[in-house]
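Data block below; observations after.
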There are 2 protein chains.
Amino acid sequence: MKKLTEAEIAEHLKAVPEWQIKNGVLSRTFSFTDFVASMRFVNGVAEAAEKANHHPDIDIRYNKVTLGLVTHDAGGITQSDFALAGESDEIV
Amino acid sequence: MKKLTEAEIAEHLKAVPEWQIKNGVLSRTFSFTDFVASMRFVNGVAEAAEKANHHPDIDIRYNKVTLGLVTHDAGGITQSDFALAGESDEIV
């Protein structure tokens, strides 16, 4: 899995417009009605992450969940990160 | 629920020695064998948190989970935080 160039990242971001690059990490904060709804989402993401064998950083703050995606082995953001971002958007 | 004094906090910490105060938050990082084990723990904590209606900050980093506990309404750490810390230790 090859690290994407800045131009490629900009192109991929068009498909997941709620996501942004923060400190070199593809990230999005999702808002829910409450903690239970947050956990439901996190478990959906966890299942997708296990299937992809690609695991986001997950920060749970009651009704808010922030996902952070980066491919450490590639030293940057790859197609795998955008794939899981897209899947996460569909789980909401 | 009243904010604990520093002396009270020091006393309570003796019962949960793996926890520490970091930036005013009662916190502990738990290590597991893998992401699935982390998620199993997080779901156990989430259930205890819902029952107590007291929700920790939860940061998942593959096989590591950091919990952060503080009682915002009380402006500090309370008995509720130590109660959930103790329960989390038993879920591991």
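Protein chains get the first letters and strands the later ones, always in sequence-line order, with residue 1 at the start of each. What you see is a predicted model; the values in this text were computed from it and never measured.
- Using a 4.5 Å cut-off between non-hydrogen atoms, the part of residues 46-74 of chain A that approaches chain B consists of A:Ala46, A:Ala49, A:Glu50, A:His55, A:Pro56, A:Asp57, A:Ile58, A:Asp59, A:Ile60, A:Arg61, A:Tyr62.
- Sorted by first and then second residue, the side chain to side chain donor-acceptor pair (under 3.5 Å) pairs involving residues 17-27 of chain A (not counting sequence neighbours) are A:Trp19-A:Asp89.
- Identified by a heavy-atom distance below 4.5 Å to chain A, the contributing residues of residues 29-39 of chain B are B:Phe35, B:Val36, B:Met39, in residue-number order.
- Hydrophobic clustering (side-chain heavy atoms under 4.5 Å, transitive across Ile, Leu, Val, Met, Phe, Trp, Tyr) keeps A:Met1 apart from A:Leu84.
- Every residue was checked against the salt bridge (Lys or Arg N to Asp or Glu O under 4.0 Å) condition with A:Glu8, not counting sequence neighbours, and none meets it.
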